[in-house]
Amino acid sequence: MLNFVDSVQEAVARIKDGSTVMIGGFGNAGQPFELIDALMDCGATDLTVVNNNAGQGDQGLALLIKEGRVRKMICSFPRQSDSWHFDAKYKAGEIELELVPQGNLAERIRAAGAGIGGFFTPTGYGTMLAEGKETRIIDGRGQVFETPIHADVALIKALKADGKGNLVYRKTARNFGPIMAAAAKHTIVQVSEVVPTGALDPENIVTPGIYVNTIVRVAGSTAEKVA
Amino acid sequence: MLNFVDSVQEAVARIKDGSTVMIGGFGNAGQPFELIDALMDCGATDLTVVNNNAGQGDQGLALLIKEGRVRKMICSFPRQSDSWHFDAKYKAGEIELELVPQGNLAERIRAAGAGIGGFFTPTGYGTMLAEGKETRIIDGRGQVFETPIHADVALIKALKADGKGNLVYRKTARNFGPIMAAAAKHTIVQVSEVVPTGALDPENIVTPGIYVNTIVRVAGSTAEKVA
Amino acid sequence: MSTATSIQTSATPLGRDDLARLVARDIAPGSFVNLGIGQPTLVSNYLTEEQNITLHTENGMLGMGPEAKGDEIDGDLINAGKIPVTELPGAAYFHHADSFAIMRGGHLDICVLGAFQVSATGDLANWHTGAPGAIPAVGGAMDLATGAKDVFVMMTLLTREGASKIVEACTYPLTGVGCVTRVYTDKAVFLTGPDGVTVRETFGCTLEELQELVPVPLKAATAS
Amino acid sequence: MSTATSIQTSATPLGRDDLARLVARDIAPGSFVNLGIGQPTLVSNYLTEEQNITLHTENGMLGMGPEAKGDEIDGDLINAGKIPVTELPGAAYFHHADSFAIMRGGHLDICVLGAFQVSATGDLANWHTGAPGAIPAVGGAMDLATGAKDVFVMMTLLTREGASKIVEACTYPLTGVGCVTRVYTDKAVFLTGPDGVTVRETFGCTLEELQELVPVPLKAATAS
């Protein structure tokens, strides 16, 4: 069932301790900052977080990590110039890291949404990121078996939603949103605008409403420039 | 390299005997009828054809089959009220059939385009279509190992192309087009209209030009109603 | 076995339209549903606007509307049975892999399918008679059977020859294993699953009379 | 070993910009290309309009334009290095799985990457020093290395300590096995593959002088 709620607090209220939470975004583009802040405030802890990175600076995911609310990160690129909170927790042995090549991360999330039990990919074959994993040679290429990444909750950002929960995104802020929406049991979306059902062209919908559970409007939450 | 050609004959001229040819369409929607007719005329034989069906009536793919040009069909639904040419060849033992559940067909085509070496799916588990295939239990569900379907050539139909080969489709005529374009070494597209580069909104492109090799305009080739 | 009269909800067997109305009534508001080709398509005639049901068609659409008539007919807008249909406000189009990802990923709440046979544990046979020389054709049946959260079957309880289509084990080739959760027939509604067959209601017969027709043990649903 | 002078094409080692210009010149017209973060990004400065190259960025775009300046800066339009960029006519956006399907499916003609080391058979090490306590971060490096039809590496030939980055076997953790086809360095262009290392041209040194620096056997390219 689709719900439109009035606040980000209400939107994240159902997130429980121990949940696996996917968070959209690549860099700042598509990051649902307001939803992450609400997750910080709601108190849920012992989280497994799936994101491309592991937080930057002193905001959002970085703060969640700093406060010890994240038990495990599944990501492709944790180390950045300003990932000091993750770095500190990691070096202290206080956070678990599952490092995944970015394409495997995307494909594993996609597999969860599409009902795929696992797949073979050449990416990572012969590297330390394939250690301990099943491998086989297919058509002469070494390949690694990768499994789907499911989540209890996804927090994503889109540009617009209609009354059916259909979503469109904006430029490279689309990134992980569509595949995370499909991979999570409950998908929470912050949008800049809610438009009437029928206002989005059916040819151009990126995420159909079947993948969306909770929508909250956050004014001015995209980087969209005023025309 | 992207080529715009002036005729469907020129578009299909490179198809060789023994090729695997994907043909888009579901029912009449999205069938590239003119390209199939040109394939008929160009004489290529000993083909493996990938399509959802196995030809209908006395046109297109059905004629290719009637003329003995198709060695093997890979499809989900060959038997229809008017699939008499396929039926006759099949009963005479003159055509090979690989019957694939429609979702496995789509996912195997998608896997080829996405560089996936194979995947496990619950679809077909415990049925005669899984006989002889590798299976395993994943998260308590029986699953079957399925492999990618690659093609030498794809023949598909789209609504519009721009100068970069970017494509948009129309309604349910989209069906197999985008995944076949990605799975074939050489993708040939018939479009109703070629528009200037920049005339398609980058947010709404369904098949990026990287997947397109040859484009031919065929006037009035979609079922689009005149507004 | 509890007394049968408590679950007899109709004095006569149900016709196809009454059965379709019953299935429609049982679909929870807001559901995403795929209706199979043939008898299941009738269900769409009885869905109400208040139910806010979204119909999926596996050839690439959510938000499918009723069959197209006259000027509405558009060759680019068809359903999985290749019948021209219409689009409702809020519809969305997508390609075949994305469409089957919706089905296979477990996102459809319900699919409604016809069947040759359903076993006591919910195995489904609905795609192939297995007769020698028959040309097999599976389409999306296995994906629907395996992917939807709930698989409802609509069929007559008996074949023309009078044999029960609810069986101990399917003799026709399987579509899916243990996938059917509910069977709507002219004579009764059955719930199937790992624990066997429960009768939710009967139409024009008692549970005892029904048991005479069906070769697997039937339990009556406990009043809830 | 053939005479070295035949392949020396420059009297001095190449600077970063000259090297970027050379890589740009070597990219076939109409190619689809991904330029890695850092030195490879310089290549875009030397691509000509006539070459009609389409740039891919793995965070979801084909048709990426130059870095955005001033009013062009839009937080929703960044490249894989998280730098604001622009969009060219004919650009297309897609989600992350579709974007990596382009890379992993073998659709990119060329990717250009930096490297710590490249082995004689084209193994690549460019993501992780493997130093104790170092936090690993891989991003899209393994997907690019494995997926593109041709993987070009751009790097200085020697480390600051004077060690060759072209090695018999990588000592740093691998990014991909046997994936590099060409290595552009300040001192030479190398072709790598199953048959070992061929030198296409040298800059400011003879093949013999180059061989002094590199611990794997070098062959000169035969004139074509």
Side-chain angles (χ1 to χ4, degrees), chain A residues 24 26-31 52-54 56 75-80 83 86-87 90-91 97 99-111 113-114 121-130 141-142 159 169-180 182 206-207 222-225, chain D residues 37 57-61 64 68 71-87 91 93-106 123-125 127-128 130 133-147 170 172-179:
Chain A
F26 180 94
N28 287 344
Q31 286 271 3
N52 189 61
N53 304 109
Q56 299 172 260
C75 68
S76 88
F77 210 86
R79 183 197 66 231
Q80 300 188 87
S83 59
F86 174 83
D87 300 359
Y90 182 79
K91 287 179 174 169
L97 170 64
L99 186 74
V100 184
Q102 198 173 146
N104 284 357
L105 186 65
E107 188 69 17
R108 291 174 64 189
I109 294 169
R110 190 259 173 200
T121 172
T123 295
Y125 181 81
T127 76
M128 58 183 265
L129 296 188
R141 296 196 79 180
L159 179 64
Y169 300 82
R170 190 167 176 279
K171 301 187 186 285
T172 58
R174 187 184 302 194
N175 58 66
F176 285 94
I179 51 175
M180 287 181 168
V206 176
T207 294
T222 81
E224 185 176 14
K225 289 192 300 182
Chain D
I37 297 169
T57 182
E58 55 261 46
N59 53 318
M61 183 185 196
M64 180 174 66
D71 279 356
E72 294 171 339
I73 291 172
D74 178 337
D76 282 346
L77 179 46
I78 60 175
N79 66 13
K82 295 167 188 167
I83 309 288
V85 291
T86 52
E87 106 193 356
Y93 297 105
F94 27 76
H95 63 57
H96 242 80
D98 281 350
S99 186
F100 278 80
I102 287 174
M103 297 153 67
R104 295 152 63 97
D123 294 353
L124 172 66
W127 73 282
H128 185 33
I135 299 175
V138 65
M142 289 186 180
D143 305 289
L144 280 168
T146 311
C170 296
Y172 288 109
L174 290 188
T175 307
V177 177
C179 55

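Naming convention: chains lettered A, B, ... in sequence-line order (proteins, then strands); numbering from 1 in each chain.
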Salt bridge (Lys or Arg N to Asp or Glu O under 4.0 Å) for A:K171 and D:E87? Distances and angles first, verdict last. CA-CA 9 Å; A:K171 301 187 186 285; D:E87 106 193 356; 3.1 Å; yes
Salt-bridge present (D:D74, A:R170; N to O < 4.0 Å): yes
Could you tell me which portion of D:D98 (side chain, backbone, both or neither) has an atom closer than 4.5 angstrom to a non-hydrogen atom of chain A? neither
Any sub-3.5 Å donor-acceptor pair from [X]'s side-chain atoms to [Y]'s backbone N or O?
X      : Y      : value
A:R110 : D:A97  : no
D:D143 : A:G103 : yes
A:T172 : D:D76  : yes

Is [X] in contact with chain D via its backbone, its side chain, both, or neither, using a 4.5 Å heavy-atom distance?
X      : value
A:Y169 : neither
A:R108 : neither
A:N53  : side chain
A:V206 : neither

What's the shortest heavy-atom distance between D:G133 and A:K91, and which atoms? O-CE, 3.7 Å
Closest approach of A:F77 and D:G139, non-hydrogen atoms and distance? CD1-N, 3.4 Å
Counting heavy-atom pairs under 4.5 Å with chain A, the top scorer among D:L174, D:V138, D:L144 is D:V138
Close side-chain approach of D:T146 to A:R141, heavy-atom, < 4.5 Å: yes
If you measure from [atom1] on [X] to [atom2] on [Y], what distance do you get to the nearest 0.5 Å?
X      : Y      : atom1 : atom2 : result
D:F100 : A:Q102 : CZ    : CD    : 3.5 Å
A:L129 : D:T175 : CG    : OG1   : 9.5 Å
D:H95  : A:T207 : NE2   : OG1   : 8.0 Å

Once side chain to side chain contact (heavy atoms under 4.5 Å, CB included) is applied, do any residues pair with D:P136, and if so which ones, sequence neighbours excluded? A:Y90, A:L97, A:L99, D:W127, D:H128
Classify the ring geometry between A:F26 and D:H96 as parallel (under 30°), tilted (30 to 60°) or perpendicular (over 60°). tilted
Do you know which of [options] has the most heavy-atom pairs under 4.5 Å to chain D?
options               : answer
A:G30, A:P178, A:C75  : A:P178
A:A54, A:P78, A:G124  : A:P78
A:V100, A:N104, A:D87 : A:N104

